[in-house]
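Letters A, B, ... are given to chains in the order of the sequence lines, protein chains preceding strands, and every chain is numbered from 1.
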Amino acid sequence: MSLRNSLTLDKQEVTELLDNGTPYVIRFKMPEDRVVEMHDEIRGRVEVNTQVLDDKILFKSDGMPTYHLANIVDDHLMEITYVIRGEEWLPSLPLHVLLYEAFEWEAPVFAHLPLLLKPDGKGKLSKRDGDRLGFPVFPLQWTDPKNGEVSLGYREDGYFPEAFINMLALLGWNPGDEREFFTLEELVDTFSLDKVSKSGARFDQDKAKWFNHHYLVDKSNEELAQLFRPILDEKNINPGQKDIPYIIGLVKERVNFVQELWEQSSFFFLAPEEYDSKTVKKRWKTDSFTQMTELKNVLVQIDEFTSENTERTVKNWIEQKEYGMGMVMNAFRLLIVGAAKGPHLFDIIAVIGKEETLKRIDLGLNILGKKETVN
RNA sequence: GCACCGUUCGUCUAGUCAGGUCAGGACGCCAGGUUUUCAUCCUGGUAACACGGGUUCAAAUCCCGUACGGUGUACCA
């Protein structure tokens, strides 16, 4: 089967068709049998025989150039020296090289980057995979102007720009040593095409989270407090005199994202509304009611309600009474936090203050009551 | 189908060009330690050279083949 064009038609037919305004395209006449030698910065020498290439369309029937032509002309005019693009363009490279050659233009250096693969299964990552698996594939949230479809973005998911960039840079590239944290500036200095790997890289959400955790912990408490404040507003929390940066400092190592800060710090602002049933079962024992009642009396007498002071006093009391440290502290934590989580308990009660601490003990004592028997 | 590209722990990868330490690191996972809880943190562990030939004293590394995978094969980019 051959093309019906100026090469296969005789001159008169061609003129006739042209005069009649018959739509036509302009193609690149591919050399018959030639081995095109190309160089890719990442893959090295690549060869392909023109026999397997067809006469590509350069101008569409509407007169507009195709990507292939426009790309070469545009890059040449802009004096582009490096073309760095995804591996899916590699099969088009011979055409592009031949086009530069036909124009007698100097071709730029080409580098074809490995593809980002979907986390499960095979194939390159697509927007649909993100929607399906619940993670973003775009750096920023994006709305398709055509159909209004919204795609998730890493920024909107709570990833820091520096964490995202760091994570992405290491997908398909590495510095050749064991460093793995890079600022943008360091990447600019360190990145080189010859360290780019050839095979596709699968995105790993766990590692992305780990990067974010690293950068989050690295940020100052003040900066994180600024980011956390809108969340408090949203929850209608009035922090009063509470030192938000200090609180952030106590909990930031336990989270990967700013938005997770709330569930790790809500008890600094609100008394428990319910008590985690598993923790109750495990930590609220027969003696707990009595011990907590006694503890309350101990705490009432402390004037300087600092972390160090309450800790010393409470521990002395526990030793004196020969109660179990774990026994008392876990029950105490349950009353203050409502669950078996959170930072150093004495730090927590120092923040919420003596009055609130006593209130929460009363509240818990009322709700949990006295456990009569051990089952 | 054809062409091109690729293939080291579950994942990201070092090592391959200039063959020669029990194949190294990180994430994850597991165990132990620290701790009043959870998390962090520390220590340890788990786990890979796709397969088959060849070259060589010696192959993850060089050569050939096979398998598998990816991409491309649009008047898209």
- request: Would you please test A:Arg128 and A:Asp131 for salt bridge (charged side-chain N to carboxylate O under 4.0 Å, His left out) and show each step?
  value: CA-CA 5 Å; A:Arg128 284 197 169 280; A:Asp131 296 343; 5.9 Å; no
message: Among A:Phe181, A:Phe182, A:Phe164, exactly one meets ring-ring contact (aromatic ring centres under 6.0 Å, His included) together with A:Phe211. Which residue is that?
response: A:Phe181
task: Under 4.0 Å between any heavy atoms, over every strand shown, what does A:His112 touch: base, sugar-phosphate, or nothing? Just pick one.
output: nothing
message: Students often get this wrong, so: under 4.0 angstrom with heavy atoms, is A:Val25 touching a base, only sugar-phosphate, or nothing?
response: base
Closest listed nucleotide, where the reference is the side chain of A:Trp210 and the choices are B:U71, B:U37, B:A26: B:A26
message: Classify A:Arg333 by what it touches in the nucleic acid, base, sugar-phosphate, or nothing, heavy-atom distance under 4.0 Å.
response: base
- prompt: What nucleic acid atoms does A:Ser61 come within less than 4.0 Å of, heavy atoms only: base, sugar-phosphate, or nothing?
  reply: base
message: Under 4.0 Å, heavy atoms only, any strand: does A:Gly172 hit a base, just the sugar-phosphate, or nothing?
response: sugar-phosphate
message: Tell me whether the side-chain N/O atoms of A:Thr66 come closer than 4.0 Å to OP1 or OP2 in B:C75.
response: no
- request: Using a heavy-atom cut-off of under 4.0 Å over every strand shown, decide if A:Leu115 touches base, sugar-phosphate, or nothing.
  value: sugar-phosphate
statement: Here the distance between atom P of B:A39 and atom NE2 of A:His214, to the nearest Å, is 22 Å
- request: Select base, sugar-phosphate, or nothing to describe what A:Leu90 touches, counting heavy atoms under 4.0 Å on all strands.
  value: sugar-phosphate
- request: Report which part of the nucleic acid A:Gln264 touches: base, sugar-phosphate, or nothing (heavy-atom distance under 4.0 Å, all strands).
  value: nothing
query: What closest approach, in Å, do A:Arg202 and A:Leu171 show between heavy atoms, and which atom pair accounts for it?
result: O-CD1, 4.2 Å
- prompt: Which is true for A:Lys195 with a 4.0 Å heavy-atom rule: it touches a base, it touches only sugar-phosphate, or it touches nothing?
  reply: sugar-phosphate
message: Under 4.0 Å, heavy atoms only, any strand: does A:Val255 hit a base, just the sugar-phosphate, or nothing?
response: nothing
query: So, does the side chain of A:His344 form a donor-acceptor pair with the base of B:U36 at under 3.5 Å?
result: yes
- prompt: At under 4.0 Å between heavy atoms, what does A:Lys124 touch on the DNA or RNA strands: base, sugar-phosphate, or nothing?
  reply: sugar-phosphate
- prompt: Would A:Asp54 and A:Lys56 pass as an ion pair if we require N to O under 4.0 Å?
  reply: yes
query: Which part of the nucleic acid, if any, lies within contact of A:Pro94, taking any heavy atom under 4.0 Å across all strands shown: a base, the sugar-phosphate backbone alone, or nothing?
result: nothing
message: With a 3.5 Å limit on both atom pairs, tell me what B:A18 is paired to, counting Watson-Crick and G-U wobble, or say none.
response: none
message: Between A:Asn20 and A:Thr22, is the side chain to side chain donor-acceptor pair (under 3.5 Å) condition met? List the steps.
response: CA-CA 6 Å; A:Asn20 293 342; A:Thr22 312; 5.0 Å; no
- prompt: Which residue lies toward the 5' end of RNA chain B, A:Tyr24 or A:Val48, if each is placed at its nearest nucleotide?
  reply: A:Val48
